[in-house]
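Report on the structure given below.
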Amino acid sequence: MPVSVLIAEDDPEMRRVLKRIAEEKGGLQVVGEAADGAAAVKLFETLRPQVVFIDVDLPAKNGVTVAREIFHQNPQARLVFITAYDQFRAEAFEVYACDYLVKPFKIERLRQTIERLCLELCSETAPQPPSRQRALAGGQTEDLRLFRAGSRLILLHLGEIVFITKEGRRTVVYHTGGCVETTERLNSLAKELRYPFLRTHKGFIVNVNMIREIIPASRTYELVLEYTEKRALMTPKMFRELEKFLEAKNPARRSKRR
């Protein structure tokens, strides 16, 4: 059964493009279209789609407000922001948006997002978006960690962390809702954190589940990650280690390579 999609976009031409690309392989089906924010919320209440494409600059009710109202109705809905504005990323990821595409974007970038949604939602074992509320309710406190940030303590779900890096003398934790500076040392965190976290480079600890693409570069690899435009680095040695690890988890792939 196709994954149901709602498009909230005031530009008719963009709605047409989104619908065409979403439905081109049969995995997604657009069940509703809204040209303004108020209509989008009403359609979501009626249709209960699994995926919502949202433009930020919507009439009647802006896309950020629409996303929050949809999230409160159904936290499991996948929200994809498609907008000309780059400054609303933090607000988008507060409601666990699964992607944020800035116009103009390449069609292939949209196809990658759609393919990932199909893989997640068409699989019975699809991973759920990280939720600290769910972890607390289920008593899964081992999935939560406090990070010291000056006089503050920041509570993060480990599944929310995208990568950790050094910026000058600071250690910065990038997560699905933004980033936080911590007084903790990168070396200490690397010793503590276990898989899916990997010390890919002397300056980076990466959540392997957040890697979208690995790009060969001069004497290293660049990692394209979910939830951020920033890229992490991976040494050739760690690339080989990751390959070995993934092959060990997937014997069929290892035998095929032989």
Check whether any side-chain heavy atom of [X] lies under 4.5 Å from a side-chain heavy atom of [Y], and answer yes or no.
X	Y	value
N207	V162	no
I205	L198	no
V206	I211	yes
V41	Q73	yes
L186	R199	yes
V173	C179	no
T228	T176	no
F147	L155	no

So, the side chain of [X] versus the backbone of [Y]: is there a donor-acceptor pair under 3.5 Å, distance only?
X	Y	answer
E226	M210	no
T165	G203	yes
R169	K166	no
T200	L233	yes
K19	A22	no

Go through the structure and list residues passing salt bridge (Lys or Arg N to Asp or Glu O under 4.0 Å) with [X], not counting sequence neighbours.
X	result
R109	D99
R15	E33
E241	none
K103	E9, D55

Determine the sole option in L110, L28, V5, I114 for which the side chain to side chain contact (heavy atoms under 4.5 Å, CB included) test with L18 is passed.
L110
Nearest 0.5 Å please: distance from the [atom1] atom of [X] over to the [atom2] atom of [Y].
X	Y	atom1	atom2	value
L189	T182	CG	OG1	6.5 Å
R240	E243	CZ	CD	9.0 Å
L6	Q50	CG	CD	12.5 Å
D11	I82	CG	CD1	11.5 Å
T220	K237	OG1	NZ	14.0 Å
L158	R145	CG	CZ	8.0 Å

Just wondering, are more than 12 heavy atoms of other shown residues or ligands nearer than 6.0 Å to CZ in R148?
no
Heavy-atom pair with the smallest gap, counting every atom of [X] and [Y]:
X	Y	value
L47	G32	CD1-CA, 3.9 Å
V52	I54	CG1-CG1, 3.5 Å
S4	P49	OG-CA, 3.3 Å
A77	I70	CB-CG2, 4.2 Å
D10	A35	CB-O, 3.2 Å
L79	A67	CD1-O, 3.8 Å

Angle class for the F163/F204 ring planes (parallel below 30°, perpendicular above 60°, tilted otherwise)?
tilted
For M234 and L223, what are the C-alpha separation, side-chain angles and deciding distance, and is it a side chain to side chain contact (heavy atoms under 4.5 Å, CB included)?
CA-CA 7 Å; M234 175 180 280; L223 304 180; 4.0 Å; yes
Applying ring-ring contact (aromatic ring centres under 6.0 Å, His included), name anything that partners F197, two or more places apart in sequence or on another chain.
none
Could you pull out all residues at least two apart from F239 that satisfy ring-ring contact (aromatic ring centres under 6.0 Å, His included)?
Y221
Intermediate values then yes/no, side chain to side chain contact (heavy atoms under 4.5 Å, CB included), V224 and I214:
CA-CA 6 Å; V224 180; I214 301 176; over 6 Å; no
Tell me every residue that passes side chain to side chain donor-acceptor pair (under 3.5 Å) with [X], counting only those two or more places apart in sequence or in another chain.
X	answer
K61	E69
Q29	none
R111	E24
R212	none

Could you list the residues that satisfy side chain to side chain contact (heavy atoms under 4.5 Å, CB included) with T46, not counting sequence neighbours?
none
State which residues pass side chain to side chain contact (heavy atoms under 4.5 Å, CB included) with D36; sequence neighbours excluded, sorted by chain then number.
A38, A39, P59, A60
Walk me through it: do V80 and T113 pass the test side chain to side chain contact (heavy atoms under 4.5 Å, CB included)?
CA-CA 9 Å; V80 179; T113 297; 4.2 Å; yes
Evaluate the criterion side chain to side chain contact (heavy atoms under 4.5 Å, CB included) for residue pair R231 and L225; output intermediate values, then yes/no.
CA-CA 7 Å; R231 294 186 177 185; L225 304 166; over 6 Å; no
Using a strict threshold of under 4.0 Å (side-chain N to carboxylate O), is an ion pair present between R170 and E181?
yes
Run the numbers on K42 and E45 for salt bridge (Lys or Arg N to Asp or Glu O under 4.0 Å), then give the verdict.
CA-CA 5 Å; K42 288 182 180 179; E45 292 173 354; over 6 Å; no
